[in-house]
There are 2 protein chains.
Amino acid sequence: MKKVTLKSLAISLGLTESTVSRALNGYSDISESTVKRVNKAAQELGYKPNQNARRLATGVAEAVAFVIPQNHSSLAEPFVAQLLQGLDESLSRRGWDLLVSHALTAEDESNTIQRLITSGRVSGVVLSRPFRHDERIDLLQAAKFPFVVHGRSASCDSYAWYDIDNELAFETAVKHLADIGHQRIGFIGAPLYFNFAYQRLQGYRAGLKSLGIQYDESLVQITELSDDAGERAATDLLNSNNAPTAFLCVSDTQAFGVLAAIRGQGLVAGSDVSVIGYDGLKIGRHTNPPLTTMSQPLAQSGRELGDMLLAIIDGDNPTNHQVLKRAKLLVRNSDGPLWTQ
Amino acid sequence: MKKVTLKSLAISLGLTESTVSRALNGYSDISESTVKRVNKAAQELGYKPNQNARRLATGVAEAVAFVIPQNHSSLAEPFVAQLLQGLDESLSRRGWDLLVSHALTAEDESNTIQRLITSGRVSGVVLSRPFRHDERIDLLQAAKFPFVVHGRSASCDSYAWYDIDNELAFETAVKHLADIGHQRIGFIGAPLYFNFAYQRLQGYRAGLKSLGIQYDESLVQITELSDDAGERAATDLLNSNNAPTAFLCVSDTQAFGVLAAIRGQGLVAGSDVSVIGYDGLKIGRHTNPPLTTMSQPLAQSGRELGDMLLAIIDGDNPTNHQVLKRAKLLVRNSDGPLWTQ
DNA sequence: GTTGCTTCCGAAAGCGTTTTCGGTATAGGA
DNA sequence: TCCTATACCGAAAACGCTTTCGGAAGCAAC
């Protein structure tokens with residue numbers, strides 16, 4: 001069970017390595033008959049090209065990296081598994097590898113990117129959860145290194161991304177709440193250096209504006225992306241002398257906390273107070289009450305991202321790959337009409 | 001901004017590539033002064049060794065693969081992100097890569113493993129959620145390829161694993177339920193080709209036995225690892241003429257469904273019927289009612305798995321690396337004493 | 001002043017591919 | 001018959017690094 005290499009294959013065929021190599025790689029200057037012969041032998045002997053050698057020779061890494069988002073806290077990372085699955089699906093069709101990478105600290109993120117692009121281990125990168133102004137993206141662009149991002153930063157004209165229309169989603173949510181009578185709508189946001197958080201806040205404001213509702217800063221709370229943070233924020237709001245009758249949250253995770261806060265006040269979500277989350281986590285079906293939420297279609301976002309990246313690596317213009325999906329309101333039971341007295 | 005290679009580094013130092021290489025890799029036959037000189041220059045010029053070249057030369061891949069578990073259905077994969085994070089942490093301390101891989105179909109799993117071990121892309125593999133009899137493990141062992149598994153199969157004496165004591169966990173859970181008066185304890189299981197499912201069933205039976213409770217097959221349901229499946233199974237059980245007063249589930253996800261089933265019957269979990277899940281998902285705090293569950297300590301399982309694998313690759317005996325943790329009962333509100341009339 | 005150790009570094013052979021460049025047949029056209 | 005174009009394949013360099021081996025100093029000791 002010796003390692004079968006190009007050389008041994010060639011010898012057993014009475015050919016040279018170069019011929020065999022070209023035959024295997026579909027060069028046109030090899031007779032059809034030998035191509036067949038070579039393929040057959042390769043098949044039978046179980047020849048697997050040594051990836052490292054091939055990569056060294058060609059200079060292409062045949063691998064891309066996924067940078068794991070920093071957020072420990074978030075419960076909302078069922079995404080990751082799905083995304084990875086999809087990415088790998090796309091990549092493995094070409095026999096490429098998917099490798100994951102993480103940064104220990106926030107500052108370290110840029111270093112991680114630097115390492116990735118200089119070490120030649122990967123020929124592309126997929127980022128997720130970008131910041132509003134994201135240094136990593138700047139680095140990638142400056143290095144002219146192929147990448148796609150799941151989400152997008154503030155200035156996203158010149159690179160490839162796959163995102164949900166956050167503004168639209170929150171406008172939609174606000175309108176829904178207004179439709180059922182709510183005027184004082186609390187907003188549980190996330191740090192605005194996350195662009196999605198910023199956009200969602202924008203959407204919230206835009207929604208209010210289009211309805212002629214005055215934006216009231218005392219109704220918005222910026223918190224971490226955790227259930228506890230959501231709970232604390234909602235409790236504060238509920239106890240203020242200007243308590244909202246409804247909550248809009250930038251994540252389901254926070255919304256879970258908000259539901260807890262509402263129960264904690266002896267109120268019931270869905271009748272006394274409404275709450276709408278964002279993410280469409282399946283688990284939201286089981287909360288008390290089941291969470292109404294804006295659900296984003298991430299079914300095969302991984303595959304799409306992979307395909308995009310591959311295309312870009314092949315030379316496609318990144319700006320040809322900017323896809324914007326829209327979220328859908330998924331009504332469960334945490335929202336309801338405002339009690340008018 | 002030319003690519004700085006070993007050669008260019010050597011030239012700029014007035015040394016040869018081999019000397020520089022040995023200096024960088026800590027060989028002892030290089031004078032301390034030149035080692036310093038070399039390191040300094042490498043630092044300044046930003047030298048990054050080309051991984052592919054290095055791997056080709058050394059023959060070691062400096063990368064390990066994580067095989068994504070097949071289970072689409074499960075909501076319970078927040079694990080994956082955590083695990084990956086931990087793995088990467090362990091590996092990156094050595095500068096190794098972590099790559100993920102998945103199989104499209106169940107049969108494909110073995111092929112995936114085959115490819116991984118033959119293609120030389122990785123020097124180790126981490127598996128998760130093994131089957132009771134797992135062909136992948138057989139393959140790996142036959143090939144004498146380094147690997148660790150998160151969980152373990154039926155015959156696990158000769159390889160490295162990291163697992164929770166499933167039997168103990170379920171004995172504990174059964175005892176807890178019995179302590180608060182329950183005798184008819186339903187069991188929502190998973191397909192027994194999953195070893196963890198098998199072991200948990202064993203634990204359930206052992207627990208009953210030690211308490212002198214008769215094992216009643218009509219109280220156990222084997223279902224998928226999904227909330228819907230859990231709900232259906234629990235509904236069936238609840239409607240039988242021998243309805244259990246408590247449920248034990250092999251996963252939180254199923255338990256969420258069970259809670260739904262109970263509500264669906266107009267009963268209330270925690271007083272009318274008890275339910276205990278397994279996994280310790282944080283999200284269980286927010287269900288209706290909050291789910292009592294067996295929580296497993298997976299905080300840094302990723303790092304531990306990584307360290308184990310690294311040690312094995314370095315030549316350690318796999319059987320030195322078999323760690324068994326225990327789960328802890330995390331009491332929330334879905335369990336309660338049996339109403340005696 | 002030869003011998004024998006160390007200490008340090010250079011030379012060179014790989015590792016397994018890819019790819020460019022020639023070179024030999026063979027065929028086709030005159 | 002000779003010439004040129006075409007089809008096919010071999011030779012060889014390159015990719016960037018590691019590692020074995022040997023050799024040149026330097027030093028001590030006899």
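What you see below is based on every heavy atom in this structure, not just the backbone, and it leaves out hydrogens, waters and symmetry mates.
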For atom CD of A:E135, is the number of surrounding heavy atoms from other residues, nucleotides or ligands below 6.0 Å larger than 12?
no
How do B:T16 and A:Y47 order along DNA chain C: which one's closest nucleotide is nearer the 5' end?
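On the 5' side of the pair lies B:T16.
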Along DNA chain C (nearest heavy atom to each residue), the more 5'-positioned of B:L56 and B:R22
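Counting from the 5' end, the first nearest nucleotide belongs to B:R22.
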Out of B:D163, B:D134, B:D157, which residue meets the salt bridge (charged side-chain N to carboxylate O under 4.0 Å, His left out) rule with B:R152?
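With B:R152 as partner, salt bridge (charged side-chain N to carboxylate O under 4.0 Å, His left out) holds for just one option, B:D163.
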Base, sugar-phosphate or nothing for [X]? Non-hydrogen atoms, less than 4.0 Å.
| X | result |
| --- | --- |
| B:N50 | sugar-phosphate |
| A:N25 | sugar-phosphate |
| B:T58 | sugar-phosphate |
| A:S31 | sugar-phosphate |
| A:Q51 | nothing |
| B:T5 | sugar-phosphate |

Shortest non-hydrogen contact from B:F147 to B:A160?
O-CB, 4.1 Å
Any chance the side chains of B:Q141 and B:S158 put a donor and an acceptor closer than 3.5 Å?
yes
Would you mind writing out the side-chain donor-acceptor pairs for residues 40-48 of chain A within the sub-3.5 Å range, not counting sequence neighbours?
none

Chain A on DNA chain D: first and last contacting nucleotide, 5' to 3', under 4.0 Å to a heavy atom?
D:dC8 to D:dG16
When the C1' atoms of the five terminal pairs at each end define the local axes, what inter-axis angle does the helix from C:dG1-D:dC30 to C:dA30-D:dT1 show, to 10 degrees?
60°
